[in-house]
Number of protein chains: 2
Amino acid sequence: MQDEIENALAAIRFGRDGLVPAIAQQYDTGEILMLAWMNREAVRASLHEGRACYWSRSRAKLWRKGETSGQVQLLRELRLDCDGDAVLLLVDQQGVACHTGRRSCFFRSWRDGGWTLIAEPEVLPEILYPARTDG
Amino acid sequence: MQDEIENALAAIRFGRDGLVPAIAQQYDTGEILMLAWMNREAVRASLHEGRACYWSRSRAKLWRKGETSGQVQLLRELRLDCDGDAVLLLVDQQGVACHTGRRSCFFRSWRDGGWTLIAEPEVLPEILYPARTDG
């Protein structure tokens, strides 16, 4: 499996910062859940563990999605684009994807000259992140 | 309308390179078509013209999607994520999105230890780009 994963990695053109943008899409409904970033380690971990793992740019560390909140993304399929510099993860999102408690991070829509909220939180952030005190 | 667009831009957190990743999704089927990049000028042009415009990193210029191939993306809706550093364009893709002639750029799927082609070209690239001689 390690050799296979190295083959997967060889086709991905990571940027100069070692990252590629990764789109997470709910596999059955087609809903876009979020956009995050992956480095080689994140791709390895995702394929090995069958769950979406990203590189957290703000925390500068591997981020197993849901490790704090429990909102895991089970990986159903990994796709690569024509240029090899973007990946698409078809996932089965457990609970919500967004740290605001919304299902999708893309909850603002440009309508009638303003950004309009198009989704409400389904769960309170303080329930998702009980130990967080930094907001 | 210019003022409104400046308001739209104010909420977007462009990276140090002046760009944000932009996901293009077919508005009715949910299919992910491609991932590209937008700078302020591309967002302005997209909202103003009602069609997807990107910043071409390889050509370092504004790229009105379909300007050569005719495969325009009519903009139905622009969405912004929670952190403001990624956008989602719901579009009505005219023809195919990918320069290879495939509907979507994400036509490679990681299956059984290898990258598997999951879509065939619907149109020949030389039909899309008759004037191209550089491949």
Side-chain angles (χ1 to χ4, degrees), chain A residues 1 3-5 7-8 10-12 15 17 20-26 28-37 43 46-47 57-58 75-90 97-102 104-116 118-119, chain B residues 1 3-5 7-8 10-12 15 17 20-26 28-37 43 46-47 57-58 75-90 97-102 104-116 118-119:
Chain A
M1 182 153 178
D3 282 353
E4 285 181 359
I5 291 178
N7 286 339
I12 303 175
D17 54 5
V20 284
I23 306 164
Q25 181 180 36
Q26 176 64 31
D28 48 0
T29 65
E31 183 181 22
I32 308 291
L33 299 166
M34 55 188 278
L35 185 136
W37 299 84
V43 176
S46 296
L47 289 177
R57 296 186 302 174
S58 58
L75 182 63
R76 301 287 297 238
E77 195 169 327
L78 178 68
R79 292 188 187 165
L80 182 61
D81 79 349
C82 52
D83 295 326
D85 58 4
V87 295
L88 169 61
L89 283 74
L90 299 179
C98 185
H99 74 287
T100 65
R102 292 173 175 89
S104 165
C105 293
F106 292 93
F107 58 80
R108 288 185 281 181
S109 176
W110 184 254
R111 293 181 185 175
D112 302 322
W115 290 108
T116 304
I118 57 170
Chain B
M1 181 153 179
D3 283 353
E4 286 182 357
I5 291 178
N7 286 340
I12 303 175
D17 54 5
V20 284
I23 305 164
Q25 181 179 36
Q26 175 66 28
D28 49 0
T29 65
E31 184 180 22
I32 308 291
L33 299 165
M34 56 188 276
L35 184 136
W37 299 84
V43 175
S46 297
L47 289 176
R57 296 187 302 173
S58 59
L75 182 63
R76 302 288 297 238
E77 193 169 326
L78 178 68
R79 293 189 186 166
L80 183 61
D81 79 349
C82 51
D83 295 326
D85 58 5
V87 295
L88 169 61
L89 284 75
L90 298 179
C98 186
H99 74 288
T100 65
R102 292 174 176 87
S104 165
C105 293
F106 292 93
F107 57 80
R108 287 185 282 180
S109 177
W110 184 254
R111 294 180 184 174
D112 301 322
W115 291 109
T116 304
I118 58 170

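Residue numbers begin at 1 in each chain, while the letters A, B, ... track the order of the sequences. Side chains included, hydrogens not; waters and symmetry mates left out as well; all remaining heavy atoms used.
Neither the backbone nor the side chain of B:Leu89 comes within contact range of chain A; no heavy atom of the residue lies under 4.5 Å from a heavy atom of that chain. Contact of B:Ile23 with chain A is made through the side chain alone, with heavy-atom distances under 4.5 Å. Using a 4.5 Å cut-off between heavy atoms, B:Arg111 contacts chain A through its side chain alone, with no backbone atom that close.
Of all the heavy atoms in A:Cys82 and B:His99, the pair that sits closest is SG-CE1, 3.6 Å. In terms of heavy-atom proximity, B:Trp115 sits nearest to A:Leu80 at CZ3-CB, 3.6 Å. Here the shortest heavy-atom pairing between A:Asp85 and B:Arg57 reads OD2-NH2, 3.4 Å. Minimum interatomic distance between A:Val87 and B:Phe106 (heavy atoms only, all atoms of both residues): C-CE2, 3.8 Å.
Partners of B:Glu4 under the side chain to side chain contact (heavy atoms under 4.5 Å, CB included) rule, at least two apart in sequence or in another chain, are A:Trp110. For B:Asp83, the salt bridge (Lys or Arg N to Asp or Glu O under 4.0 Å) test picks out no residue, with sequence neighbours left out.
Note on B:Thr116, B:Ile32, B:Asn7: by heavy-atom pairs under 4.5 Å with chain A, the leading option is B:Ile32. Ranked by heavy-atom pairs shorter than 4.5 Å toward chain B, the options A:Leu90, A:Leu47, A:Ile5 are led by A:Leu47. When B:Gly113, B:Ala8, B:Ser104 are compared by the number of non-hydrogen pairs under 4.5 Å with chain A, B:Ala8 comes out ahead. Contact count versus chain B (heavy atoms, under 4.5 Å) is highest, among A:Glu31, A:Met34, A:Arg79, A:Gln25, for A:Arg79. The candidate from B:Ala86, B:Gly30, B:Gly84 with the greatest count of non-hydrogen atom pairs under 4.5 Å with chain A is B:Ala86.
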